[in-house]
Amino acid sequence: MNTAPESPSAVWPLPVRGEPFDRADPDILRRMKAVSAATACAKLNGMGITRTAVQGPAPLERGRSVVGSALTLQFMPQREDVASGLGQEYVERDTALWAVLETVQEGDVLVVQAYGSTFTGCFGDMLVRYFKRRGGAGIVVDGRIRDSGRVRELGVPIWCTGTTPHYASQTDLFPWAYDVPVAAGGVLCLPGDVVVADDDGAVIVPSGKALELVQSAEDHENWEEFSRMRLEQGARLSDYYPLSPDSRAEYEAWRDAGRLPLL
C-alpha cells in the first residue's frame, strides 16, 4: 500500500503563494492577439525594455500562438530535508504545482521557472488536461514536459525546452511557489504581465507597458500595410520601409481617408 511521506512543509511552509494580483485588461488582450511576438519584442525594445524574449522554450507544435495574462509557477532545487520527489504525486498534490492549477481562469497563460532543467517533466497529460478544462490558454515552461503524445492531442499551446519521461519532482527540482515573480529563460515575469507567444517564441510584456505597446503595434501594422501596397506598385524600399517623413505624411492621409485601395 502506498503511503504519503512526511510533508515537505515540516522545515519550511509550502507551497509559497505570492500577493494577489490583477490580470491584464481583457480589451488589451483582445487587441494584442493581432501582435506577433517579433513585433512585441521590437516595440518593447524601443520603449527601453530590452530583455523580453524568453530564451530556450520553443513551441511543442508549430503554428500555435497565444496571448494571455500570466500566472506564474516557480520550481526550486530539491533539498532532502525540505522537499524531495519521494512519494511522487502523494507529495506533489500538496505543492505549488497542484495549487496553481486551482487558480487558473479563462485565457490565462502559465509561465514556469524551471532553470532549463533537462530532467524535470514539469507537466504531463493529467495536469495539462486539467489546465485546459479550467480554461487555460497556454503554457510557457523553462523546462521540459512529459506524456508529449497525449499532451499534443489536447491542443494546448505549449512552449518548452523539450520532453522527458521524468515526473515533476523526480530529480533535481521541486514545485515551490506560485503567484510570485519568476525568471523564465532569462526574462523576469510578474503575475499579471502579458504573454505573447508564437512560432518565434514567447515574449513577456510588462503589464504597465501593454496599452502603449498595442497602440504602437496597431499603428505599425497599418503603416506596413500601406508600405506593402506602395512597394507592390514599384516604390523604392528606402522611401517606404521604414517610412520617411514624406511617406509618413502620405500614409497618415491614406489612413485618415479610410485606408482606401491605392490606385
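These numbers come from the heavy atoms of this one structure, side chains and all, not from hydrogens, waters or symmetry mates. Just so you know, these numbers come straight off a predicted model, no measurement behind them.
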Q: Could you grab the distance from atom CG of L110 to atom CD1 of I158, nearest 0.5 Å is fine?
A: 10.0 Å
Q | Cluster overlap V112 with Y115, hydrophobic side-chain contacts below 4.5 Å | A | yes
Q.
side-chain contact (heavy atoms from CB on, under 4.5 Å) for I139 and V128? Distances and angles first, verdict last.
A. CA-CA 9 Å; I139 299 171; V128 176; 4.3 Å; yes
**Q.** Side chains of Q113 and D142 in contact at under 4.5 Å (non-hydrogen atoms)
**A.** no
Q. For the hydrophobic clusters of this structure (ILVMFWY residues joined by side-chain heavy atoms under 4.5 Å, transitively), does one cluster hold both V151 and V109?
A. no
**Q.** Side-chain H-bond candidate by donor/acceptor type, T120 with D172, under 3.5 Å
**A.** yes
(Q) Just so I know, are the side chains of S169 and T95 near enough to count as touching, which here means a heavy-atom distance under 4.5 Å? (A) no
Q) Should T163 and R144 count as side-chain neighbours, where that means a heavy-atom distance under 4.5 Å? A) no
Q | Residue pair Y251 / D246, side-chain donor-acceptor N/O under 3.5 Å | A | no
Q: Mind checking the NE2-CG spacing from H220 to L213? Nearest 0.5 Å is all I need.
A: 11.0 Å
**Q.** Rounded distance (nearest 0.5 Å) linking atom OG1 of T161 with atom CD of Q55
**A.** 13.0 Å
Q) So does R150 have more than 12 non-hydrogen atoms from other groups sitting under 6.0 Å from CZ? A) no
Q. For S227 and L243, what are the C-alpha separation, side-chain angles and deciding distance, and is it a side-chain contact (heavy atoms from CB on, under 4.5 Å)?
A. CA-CA 8 Å; S227 294; L243 294 177; 3.4 Å; yes
Q | Heavy-atom closest contact (T72 atom, V180 atom, distance) | A | OG1-O, 2.6 Å
Q: Could you tell me which non-hydrogen atom of L173 sits nearest to which non-hydrogen atom of Q78, and how far apart they are?
A: O-NE2, 2.9 Å
**Q.** Other residues, nucleotides, ligands: >12 heavy atoms within 6.0 Å of R152 CZ
**A.** yes
Q: State, yes or no, whether a side-chain contact exists between V16 and W12 at a heavy-atom distance under 4.5 Å.
A: yes
Q: Report yes if some heavy atom in the side chain of T118 is under 4.5 Å from a heavy atom in the side chain of T164; otherwise report no.
A: no
(Q) Side chains of N222 and R255: any donor to acceptor distance under 3.5 Å? (A) no
Q: Please name the pair of heavy atoms, one in V203 and one in C41, separated by the smallest distance, quoted to 0.1 Å.
A: CG2-CB, 4.0 Å
Q | Check: L231 and F226 side chains under 4.5 Å, non-hydrogen atoms | A | no
Q: For salt bridge (charged side-chain N to carboxylate O under 4.0 Å, His left out), just list the numbers for D200 and R64, CA-CA rounded to whole Å, side-chain angles, deciding distance to a tenth of an Å, and then say yes or no.
A: CA-CA 10 Å; D200 286 338; R64 303 280 189 178; over 6 Å; no
**Q.** Minimal non-hydrogen separation, V187 against R51, with atom names
**A.** CG1-O, 3.5 Å
Q) Can you get from L71 to L14 by hopping between Ile, Leu, Val, Met, Phe, Trp and Tyr side chains that sit under 4.5 Å apart? A) yes
Q | S216 vs K43, side-chain contact (heavy atoms from CB on, under 4.5 Å): CA-CA, chis, key distance, verdict | A | CA-CA 7 Å; S216 178; K43 289 297 179 182; 3.2 Å; yes
Q.
Can a donor-acceptor pair be found, under 3.5 Å and without considering hydrogens, that links the side chain of D198 to the backbone of A37?
A. yes
Q) With no hydrogens and no angle check, is any side-chain donor or acceptor of Q170 less than 3.5 Å from a backbone partner on Y167? A) yes
Q) In this structure, which one of W254, Y241, Y240 forms a ring pair (Phe, Tyr, Trp, His ring centres under 6.0 Å) with W223? A) Y241
(Q) Contact between T52 and V205 at the side-chain level, heavy atoms closer than 4.5 Å - yes or no? (A) no
Q) What's the verdict on salt bridge (charged side-chain N to carboxylate O under 4.0 Å, His left out) for R228 and E232, showing C-alpha distance, side-chain angles and the deciding distance? A) CA-CA 6 Å; R228 198 173 292 113; E232 289 291 337; over 6 Å; no
Q: Give a yes or no on this: more than 12 heavy atoms of other residues, nucleotides or ligands lie within 6.0 Å of atom OH of Y130.
A: yes
Q: Kindly work out whether a path of hydrophobic side-chain contacts (I/L/V/M/F/W/Y, heavy atoms less than 4.5 Å apart) joins I204 to V35.
A: no
Q.
Can you tell me if D256 has over 12 outside heavy atoms packed within less than 6.0 Å of its CG?
A. yes
Q. Can you tell me if CZ on R236 sees more than 12 non-hydrogen neighbours from other groups inside 6.0 Å?
A. no
Q. Testing L101, V111, L97 for side chain to side chain contact (heavy atoms under 4.5 Å, CB included) with L73, which one passes?
A. L97
**Q.** Spatial distance of atom CE (M32) from atom OG (S69) [nearest 0.5 Å]
**A.** 10.5 Å
Q) Taking the side chain from D199 and the backbone from G63, do they hold a donor-acceptor pair closer than 3.5 Å? A) yes
**Q.** Any V54 side-chain heavy atom under 4.5 Å of W159 side chain
**A.** no
Q) For the atom pair CD (E221) and OG (S36), what is the distance rounded to the nearest 0.5 Å? A) 6.5 Å
(Q) If you count heavy atoms of other groups shown closer than 6.0 angstrom to CD of E19, is the number above 12? (A) no
Q: Indicate the atoms forming the closest heavy-atom contact of W176 with A96, along with that distance.
A: C-CB, 3.6 Å
(Q) Looking at every heavy atom in both L190 and P181, which two are closest together, and how far apart are they? (A) CD2-CB, 3.6 Å
**Q.** More than 12 heavy atoms from other groups under 6.0 Å of CE on M126
**A.** no
Q) Would you find a donor on one side and an acceptor on the other, under 3.5 Å apart, between the side chain of S247 and the backbone of S244? A) yes
Q: Quick one: do R23 and D108 satisfy salt bridge (charged side-chain N to carboxylate O under 4.0 Å, His left out)? Show the steps, please.
A: CA-CA 9 Å; R23 285 170 167 80; D108 284 345; 2.9 Å; yes
Q. Can you get from V141 to L154 by hopping between Ile, Leu, Val, Met, Phe, Trp and Tyr side chains that sit under 4.5 Å apart?
A. yes
**Q.** Check: M47 main-chain N/O paired with E212 side-chain donor or acceptor under 3.5 Å
**A.** no
Q) Could you walk me through whether R17 and Y178 pass the side-chain contact (heavy atoms from CB on, under 4.5 Å) check? A) CA-CA 5 Å; R17 185 175 191 178; Y178 64 110; 3.2 Å; yes
Q. Step by step, would you call R134 with E106 a salt bridge (charged side-chain N to carboxylate O under 4.0 Å, His left out)?
A. CA-CA 7 Å; R134 290 191 59 89; E106 189 76 29; over 6 Å; no
Q: Rounded to the nearest 0.5 Å, what's the gap from CD1 on I145 to NE2 on H166? Could you check?
A: 14.5 Å
